Peer 1: 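To start, I am sharing the structure in question, which I have written as structure tokens.
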Amino acid sequence: MNAQIMNMALVMGSMQITNRLDLEDTKTKQIILGCYVTAQLLVLAISYIIQRRILSKKDTTVLKYMDQPKPMSGEQPKLITTTNMTYDLEQNAQAQKQALIGLGLMVFLHFQFGVIRPLVVQSILPVKNALQSKFAQVHLFGKPAEGDLRRPWKADNPFAALTGANEEQSEAAEKAAIKKAEKAESKAGKSESKKDL
């Protein structure tokens, strides 16, 4: 099942559950808040475990990919050369940052405005997303980094089927772009070394 459809089903299901709860009851609010805090601690624990496993593997395999600039920035894609370990640590740190931003936002909304309903959804989705992330699949569940789990990890595109985007075509285009960028870098390096002479 598509991850976005699953997320929508979880959101709708949790909304139905919250409609049946007495959200004015202090004990119910405490239980929901406790579930939310537990879920966020679980997400951070998962992230920490993944980080420890990445560091213990010390995978120094070279990884080259084209870093796509932000839309509308006008920048050109850059060739990134790194290692699997560094890449995985960056991806995990980005997930930790997103989890902490979400936690801060929900804490603000809850204590400033008394928002309780989103805490139910946010008790489920972050844990599900943390366990289904590509780096969790590789480092937590030990799946091989091939196919959809092959680095660099791209965000799932819900419109890929509609646009006819083919994974093999995009992979071939990525390889061609990497070769082109490497040639441009080597030419730039040679011309700089001639200037130094």
Side-chain angles (χ1 to χ4, degrees), residues 1-11 14 35-71 77-106 121-179 181-182:
M1 185 182 282
N2 191 344
Q4 286 80 15
I5 294 172
M6 182 73 141
N7 285 349
M8 287 302 296
L10 283 172
V11 168
S14 63
C35 288
Y36 176 73
V37 170
T38 303
Q40 297 308 310
L41 290 174
L42 185 59
V43 167
L44 292 173
I46 289 168
S47 184
Y48 179 75
I49 291 168
I50 291 170
Q51 181 180 357
R52 301 296 338 143
R53 291 201 178 163
I54 292 169
L55 290 171
S56 70
K57 285 182 183 177
K58 295 181 182 168
D59 184 0
T60 57
T61 305
V62 175
L63 174 66
K64 293 182 181 183
Y65 65 96
M66 296 303 291
D67 186 30
Q68 298 300 323
K70 292 184 169 111
K78 290 186 278 185
L79 176 66
I80 304 294
T81 303
T82 185
T83 64
N84 284 346
M85 182 175 81
T86 304
Y87 178 79
D88 293 355
L89 286 171
E90 288 171 359
Q91 295 296 309
N92 193 47
Q94 194 173 37
Q96 286 174 342
K97 183 179 174 183
Q98 287 176 346
L100 291 173
I101 289 171
L103 175 65
L105 179 63
M106 290 309 300
V121 175
Q122 292 299 317
S123 297
I124 301 167
L125 282 181
V127 176
K128 177 198 150 300
N129 291 340
L131 291 173
Q132 287 185 336
S133 67
K134 293 182 179 182
F135 45 89
Q137 295 295 312
V138 171
H139 295 290
L140 204 57
F141 301 116
K143 292 185 178 178
E146 48 194 41
D148 285 347
L149 299 178
R150 193 167 144 207
R151 295 172 188 91
W153 296 312
K154 293 176 177 51
D156 292 332
N157 182 359
F159 303 109
L162 298 174
T163 59
N166 186 344
E167 186 176 321
E168 291 175 10
Q169 290 173 342
S170 64
E171 192 174 304
E174 175 94 10
K175 285 181 181 178
I178 289 171
K179 284 184 181 180
E182 285 176 337

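Because only heavy atoms are used, hydrogens play no part in the values below, and waters and symmetry mates are left out as well, while side chains stay in. Worth saying up front: this structure is predicted, and the values here are computed from it rather than measured. Position 1 is the first residue of the sequence; numbering continues from there.
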Peer 1: With rounding to the nearest 0.5 Å, note down the distance linking CE in M8 to CD1 in I5.
Peer 2: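 Between M8 CE and I5 CD1, I get 10.0 Å after rounding to 0.5 Å.
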
Peer 1: Look at the aromatic rings of Y87 and W153 and report parallel, tilted or perpendicular, splitting at 30° and 60°.
Peer 2: tilted

Peer 1: Got a second to check how far L63's CG is from T86's OG1, nearest 0.5 Å?
Peer 2: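 One finds 9.5 Å between CG of L63 and OG1 of T86.
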
Peer 1: I'd like to know if the side chain of R53 and the backbone of H139 have a donor-acceptor N/O pair within less than 3.5 Å.
Peer 2: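 Yes, the answer is positive, given that a donor and an acceptor are paired below the 3.5 Å cut-off.
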
Peer 1: Atom CG of N129 and atom CG of L10: how far apart are they, to the nearest 0.5 Å?
Peer 2: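 Interatomic distance, N129 CG to L10 CG, rounded to 0.5 Å: 9.0 Å.
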
Peer 1: Taking side chain as C-beta onward, heavy atoms only, is M66 less than 4.5 Å from I80?
Peer 2: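 Counting from C-beta outward, M66 and I80 never come under 4.5 Å.
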
Peer 1: Under the side-chain contact (heavy atoms from CB on, under 4.5 Å) criterion, do V43 and L103 qualify, and how do the steps go?
Peer 2: CA-CA 11 Å; V43 167; L103 175 65; over 6 Å; no

Peer 1: Taking C-beta and beyond as the side chain, do V11 and I124 meet within less than 4.5 Å on heavy atoms?
Peer 2: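 The answer is no, as the side chains (C-beta and beyond) never meet within the 4.5 Å cut-off.
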
Peer 1: Please report the interatomic distance NZ(K78) to OH(Y65), rounded to the nearest 0.5 Å.
Peer 2: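 K78 atom NZ to Y65 atom OH measures 10.0 Å (nearest 0.5 Å).
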
Peer 1: Indicate yes or no: at least one non-hydrogen side-chain atom of P144 is less than 4.5 angstrom from one of L149.
Peer 2: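 No, too far: nothing below the 4.5 Å cut-off.
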
Peer 1: Show, in sequence, the C-alpha distance, side-chain angles and deciding distance for D59 and T83, and conclude whether the side-chain contact (heavy atoms from CB on, under 4.5 Å) test is met.
Peer 2: CA-CA 7 Å; D59 184 0; T83 64; over 6 Å; no

Peer 1: With a 4.5 Å cut-off on side-chain heavy atoms, are N84 and T60 touching?
Peer 2: no

Peer 1: Calculate, to the nearest 0.5 Å, the distance between atoms CG and CD1 belonging to L140 and I54 respectively.
Peer 2: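 Going from CG on L140 over to CD1 on I54, the span is 10.5 Å.
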
Peer 1: Between K64 and V62, is there a side-chain heavy-atom distance shorter than 4.5 Å?
Peer 2: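 Yes - at least one pair of side-chain heavy atoms lies under 4.5 Å apart.
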
Peer 1: Going through the distances and angles, do Q51 and Q96 end up as a side-chain contact (heavy atoms from CB on, under 4.5 Å)?
Peer 2: CA-CA 10 Å; Q51 181 180 357; Q96 286 174 342; 3.5 Å; yes

Peer 1: Heavy-atom distance under 4.5 Å between the side chains of V127 and Q40, does that happen here?
Peer 2: no

Peer 1: Minimum heavy-atom separation for K143 and Q137, please, with both atom names.
Peer 2: NZ-OE1, 2.8 Å

Peer 1: By the definition side-chain contact (heavy atoms from CB on, under 4.5 Å), identify the one residue from R151, Q94, Q91 that meets it with F135.
Peer 2: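 Among the candidates, only Q91 passes.
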
Peer 1: Could you go step by step and tell me if K97 and I101 meet the side-chain contact (heavy atoms from CB on, under 4.5 Å) rule?
Peer 2: CA-CA 6 Å; K97 183 179 174 183; I101 289 171; 4.0 Å; yes

Peer 1: Can a salt bridge be assigned to the pair K57 and D88 using a cut-off of 4.0 Å between side-chain N and carboxylate O?
Peer 2: no

Peer 1: Might you point out which heavy atoms bring S123 and A39 nearest each other, and give the distance in Å?
Peer 2: O-CB, 3.2 Å

Peer 1: Would a 4.5 Å heavy-atom cut-off, applied to side chains only, mark I46 and L131 as touching?
Peer 2: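 Yes, at least one pair of side-chain atoms sits under 4.5 Å.
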
Peer 1: Under the 3.5 angstrom rule, does the side chain of S47 hit a backbone N or O of L44 as a donor-acceptor pair?
Peer 2: no

